[in-house]
Chemist: 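Below you'll find the structure I mean.
Hydrogens, waters and symmetry mates are skipped; everything else that's a heavy atom, side chains included, is used. Nothing fancy with the numbering, it's 1 onward along the sequence. These figures come from a predicted structure and were not determined experimentally.
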Amino acid sequence: RVSGAATLAAKVSLFDLDLETPEGAHAAVERLHETARLLCSRVADSRDLGHQPHFVACVDEAMAAALWQISGPALAAITQSGNSAGVSGP
């Protein structure tokens, strides 16, 4: 994280999902990833020549923080297998 960088936060409701199932866990990861992309796009500086790598790093950091806060066997299986809704992509 860059010193002095803007910080945003959002609540993502997962209440309606069963994180114990692969379907529910995948839906949770998709919601989290969509929110991470939205927030990171809001703090991005499009004039920065390193915009894309910084955006990807922002999304990765946001996803790691969000996934750390939730748990479940299906969610762990999705994140460990690399099928986490394209966490590294914009």
Side-chain angles (χ1 to χ4, degrees):
R1 180 177 291 174
V2 178
S3 179
T7 302
L8 295 176
K11 290 185 179 184
V12 178
S13 176
L14 305 177
F15 181 75
D16 60 319
L17 302 175
D18 181 356
L19 299 180
E20 301 297 320
T21 66
E23 296 81 11
H26 186 72
V29 170
E30 285 183 2
R31 284 184 196 176
L32 294 169
H33 188 247
E34 183 177 331
T35 302
R37 288 181 51 165
L38 176 65
L39 293 178
C40 289
S41 70
R42 289 183 182 170
V43 298
D45 181 357
S46 61
R47 298 169 291 167
D48 179 6
L49 295 177
H51 168 72
Q52 181 64 23
H54 292 154
F55 175 80
V56 171
C58 176
V59 172
D60 286 347
E61 185 177 318
M63 287 297 296
L67 292 171
W68 182 80
Q69 295 180 44
I70 59 176
S71 64
L75 186 62
I78 287 175
T79 57
Q80 289 174 0
S81 70
N83 294 327
S84 55
V87 169
S88 294

Chemist: Look up atom CG in L8 and atom OG1 in T35, then write down how far apart they are to the nearest 0.5 Å.
Modeler: 12.0 Å
Chemist: So which heavy atom on L19 is nearest to which on G24, and how close?
Modeler: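 What the structure gives for the nearest pair is CD2-O, 3.9 Å.
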Chemist: With sequence neighbours left out, what residues match A65 under side-chain contact (heavy atoms from CB on, under 4.5 Å)?
Modeler: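 Per chain and number, A65 pairs via side-chain contact (heavy atoms from CB on, under 4.5 Å) with no residue.
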Chemist: Rounded to the nearest 0.5 Å, how far apart are NE2 of H33 and SG of C40?
Modeler: 9.0 Å
Chemist: If you take all heavy atoms of S41 and F55, which pair is closest and at what distance?
Modeler: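 Minimum heavy-atom separation between S41 and F55: N-CE1, 3.6 Å.
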Chemist: Report yes if some heavy atom in the side chain of L39 is under 4.5 Å from a heavy atom in the side chain of V59; otherwise report no.
Modeler: no
Chemist: Just to verify, what does R31 make a side-chain contact (heavy atoms from CB on, under 4.5 Å) with, not counting sequence neighbours?
Modeler: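 V12, L14, D16, L17.
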Chemist: Please report the C-alpha distance between V29 and M63 in whole Å, then the side-chain angles of each, then the deciding distance to 0.1 Å, and finally whether the side-chain contact (heavy atoms from CB on, under 4.5 Å) criterion is met.
Modeler: CA-CA 8 Å; V29 170; M63 287 297 296; 4.0 Å; yes
